[in-house]
Amino acid sequence: MNDTVRVRIAPAPSGSIHVGNARSALYNWLFARQHGGVFVLRVEDTDQKRVTDEAYAAVLEDLRWLGLQWDEGPGAGGDFGPYRQSERLGHYESAARDLIARGHAYPCYCTQEELAERRKLAQAAKRPPGYDGHCRSLTDEECAAYEAEGRAPAIRFRVPDDATVAFDDVVRGTVPTRTEQIPDFVILRSDGSPTYMLAATVDDIAMDITHIIRGEDLLPATPRQLLMREAMGITEVPVFGHLPLLISPDGRPLSKRWGDVAVDAYRRQGFLPEAMVNYLVLLGWSYDDRTNVFSVDELIEKFSLQRVGKNPATFDVNKLEWLNGHYIRSKSAGDLAEELVPFCVAAGIPADTDEGRATLRAVAPLVVERLKRLSEAPPMVRFLFEEVTPDERAAKVLEDQRDYLVEVAQALERLEKWTSVAIEEALRALAAGRGLKPKQAFQPIRAAVTGTLVSPPLFESLELLGKKRTLARLSAASK
RNA sequence: GGCCCGGUAGUCUAGUUGGCCGAGGACGCCGCCCUCUCAAGGCGGAGAUCACGGGUUCGAAUCCCGUCCGGGCUACCA
């Protein structure tokens, strides 16, 4: 082990990543960047029957979108590859063989049915439900007999009796475990494939991982992996840090029953990666008693595992939305327009043209402070792209406004300069002449021109729409 | 059942060598200001018996014990 920090994120490629895994990835990435270390992406696809190319691509895409570029892994190269476990099967087999040879592992011929049956019995008798050591000391003859029956063995790790495994966790302190608590566990399935326990241990050693930062659900896996390292003769031990779990607003584990758990879903709803990163980092970590907004550079500088809390955090979209609004507002008109293109297209607005982009660039300053999610933009800008039909509330406001709208049209018709300033001047003068309050004067115009009662600022909107289209809509609404 | 972890306002949290905390910040919520709608912005407000019960102490969110609640693991899932 050298002194370069090497961390890894090891997702199972079962589709767009879970926000909890995204947070783990983020913490690892920040830690690596902060220490000038290496961030490794390792794909754990050993047992995934459902793994598909699309699901695999989705994982990579999510990480890229979040800006968590990996230094080693699929597509990035590295000296410790390959980085997909399905391509490393030989390593696990030989590691298992080696453990057997040295007496640290043994074949277990129990079928899953037998195991389940005995587990049920044990639980009924209030005994621990873990593996009972049935095949722990079979003779060669007994093994041969099972083989003759056609049974294929799984390989189990022989957990030492009467010992304590302890490690220092950066977030939880010292965690001791008695080996009685750890039943002999399977490291190689009967079909020859490795379990997570073996694969992760072998790869963390082979890839020279120095810090393992992962979810608290894997806390109990740590003493097992430590035991295996020891059995393999590895004396160096990585630093561990187990992060508190993320839960949903109902207090249950974060799951689809409650809402969106996949990064991809938030992306499609119009959340910016900057907001997602900022929000995720706050779920379980804080810098001080007042700072909430952090740029990525600030996070790289200020993040620390020591300040990660121990209590589970609820994923609450409110704060995510607030941060998203903040980051949207920080965008330039050009950048925001570009971000809005796909959302407009998805809403059926043909913004994916030079002209469309130009229009979006022009309205961007008008909508920028009104958005919490990019997906909220299409309804606000639609009137610039297509003819409008007043919605219910707008239609109501337009009742009995024919004469007024005709006057408005006449006033605007006379304008020589079609600027928001000139428009405002003319409309205010008209309102004053008629003794109308601003709201009374402008809402009917808004309704006629945008088809809705909520829109970007009126005068600027009219300027963008252009004189011709504005007059046409006023005329249409006064018929 | 066993082992381990957690419990500060609706939410994220500050607080960890006990006193500066009759508990600070942020989101959300309510009100006011600004105002052409909606936002943004500014100002102000409500909201926490620091899970509960004991104890130690001149003094506890912070230390000790117990209880309750929630969670993780206990798989040939990861």
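A note on names: the letters A, B, ... follow the listed sequences, proteins ahead of strands, and every chain is numbered from 1. Computation of the quantities below employed the complete heavy-atom set of this structure, encompassing side-chain atoms and omitting hydrogens, waters and symmetry-equivalent molecules. Since the model is a prediction, treat every value here as computed from it, not as a measurement.
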- Over how many whole Å does the gap from A:Lys439 atom NZ to B:rA39 atom P extend? 11 Å
- Item | Aromatic ring proximity A:Tyr131/A:Phe185, centre distance under 6.0 Å | no
- Counting only N and O atoms by type, is there a donor-acceptor contact under 3.5 Å from the side chain of A:Trp285 to the main-chain atoms of A:Ser304? yes
- P gap between B:rC32 and B:rA23, integer Å: 27 Å
- Task: Respond yes when some side-chain nitrogen or oxygen of A:Thr314 is under 4.0 Å from OP1 or OP2 of B:rC12, and no when none is.
- Result: yes
- Task: Determine the interatomic distance between C1' on B:rG18 and the same-named atom on B:rA40; round to the nearest Å.
- Result: 44 Å
- Message: Distance to the ring centre below 6.0 angstrom and angle to the axis at most 45 degrees; does that hold for A:Arg473 and A:Phe383?
- Response: no
- Task: Could you check how far CD of A:Gln306 sits from C1' of B:rG15, rounded to whole Å?
- Result: 18 Å
- Spacing between A:Leu219 atom CG and B:rC73 atom P, to the nearest angstrom: 11 Å
- May I ask you to evaluate whether A:Arg224 reaches the phosphate of B:rC73, defined as a side-chain N or O under 4.0 Å from OP1 or OP2? no
- With the side chain of A:Ala313 defined as its heavy atoms from C-beta on, choose the nearest nucleotide among B:rG6, B:rC12, B:rC73. B:rC12
- Item | Atom CZ of A:Arg393 with >12 non-hydrogen neighbours under 6.0 angstrom | no
- Query: Atom CD of A:Glu369 and atom P of B:rG41: how far apart are they, to the nearest Å?
  - Reply: 8 Å
- Query: Which listed nucleotide (B:rC36, B:rG72, B:rG7) is nearest to the side chain of A:Asp217?
  - Reply: B:rG72
- Message: Less than 4.5 Å apart, side chain to side chain, heavy atoms only: is that true for A:Leu474 and A:Val449?
- Response: yes
- Message: Rounding to an integer number of Å, can you tell me how far A:Asp250 CG sits from B:rG10 C1'?
- Response: 14 Å
- Mind checking A:Leu453 for me? I need base, sugar-phosphate or nothing, with any heavy atom below 4.0 Å counting as a touch. base
- Note on the structure: Closest to the side chain of A:Pro129, out of B:rC36, B:rC12, B:rG1, is B:rG1
- Query: Quick one: which of B:rC36, B:rU37, B:rG28 gets closest to the side chain of A:Val454?
  - Reply: B:rU37
- Would you check if there is a donor-acceptor pair between the side chains of A:Gln443 and A:Arg446 at a distance under 3.5 Å? yes
- Query: Does any N or O donor sit under 3.5 Å from an N or O acceptor when you compare the side chain of A:Arg370 with the base of B:rU37?
  - Reply: yes
- Message: For a quick test of reading the model: is some side-chain N or O of A:Ser286 closer than 4.0 Å to OP1 or OP2 of B:rA14?
- Response: yes
- Task: Please evaluate the base of B:rC5 for a donor-acceptor partner in the side chain of A:Arg172 within a cut-off of under 3.5 Å?
- Result: no
- May I have the distance from A:Asp316 (atom CG) to B:rC29 (atom P), rounded to whole angstrom? 11 Å
- Task: Using only side-chain N and O atoms of A:Arg178, determine if any of them is under 4.0 Å from OP1 or OP2 of B:rC3.
- Result: no
- Message: I'd like to know if A:Asp161 pairs up with A:Arg136 as an ion pair, taking the criterion as any Lys NZ or Arg NE/NH1/NH2 lying under 4.0 Å from an Asp or Glu carboxylate oxygen.
- Response: yes
- Message: Using OP1 and OP2 only, check whether a side-chain N or O of A:Arg156 sits under 4.0 Å from B:rC76.
- Response: yes
- Query: What about A:Ser190, does its side chain sit under 3.5 Å from the base of B:rC76 through a donor-acceptor pair?
  - Reply: yes
- Nearest to the side chain of A:Arg307 - B:rG72, B:rC36, B:rA14? B:rA14
Any protein N or O atoms within reach of nucleotides 60-65 of chain B? Criterion: under 3.5 Å, listing atom names and distances.
none

- Indicate yes or no for a side-chain donor-acceptor contact from A:Glu376 to the backbone of A:Lys372 under 3.5 Å, with no hydrogens or angles considered. yes
- Item | B:rU62 versus B:rC77 - spacing of their P atoms, nearest Å | 44 Å
- Message: Measuring only the P atom in each nucleotide, how far is B:rC27 from B:rG41? A whole number of Å is fine.
- Response: 9 Å
- Item | Between P of B:rC76 and OH of A:Tyr196, the distance in whole Å | 16 Å
- Item | Closest listed nucleotide, where the reference is the side chain of A:Glu460 and the choices are B:rC36, B:rA40, B:rC77 | B:rC36
- Out of B:rA78, B:rU37, B:rA26, which nucleotide sits closest to the side chain of A:Lys319? B:rA26
- Message: Check for me whether the distance between the ring centres of A:Phe315 and A:Tyr266 falls short of 6.0 Å.
- Response: yes
- Message: Under 4.0 Å, counting only non-hydrogen atoms across every strand here, what does A:Cys110 touch: a base, just sugar-phosphate, or nothing?
- Response: base
- Message: Work out how far the P atom of B:rG10 is from that of B:rA51, and round it to whole angstrom.
- Response: 13 Å
- Result for 5'-nearest mapping on RNA chain B, choosing between A:Leu245 and A:Tyr279, is A:Tyr279
- Picking from B:rC36, B:rG2, B:rA78, which would you name as closest to the side chain of A:Arg428? B:rC36
- Message: Using whole Å, what does the distance between atom C1' of nucleotide B:rU8 and atom NZ of A:Lys310 come to?
- Response: 15 Å
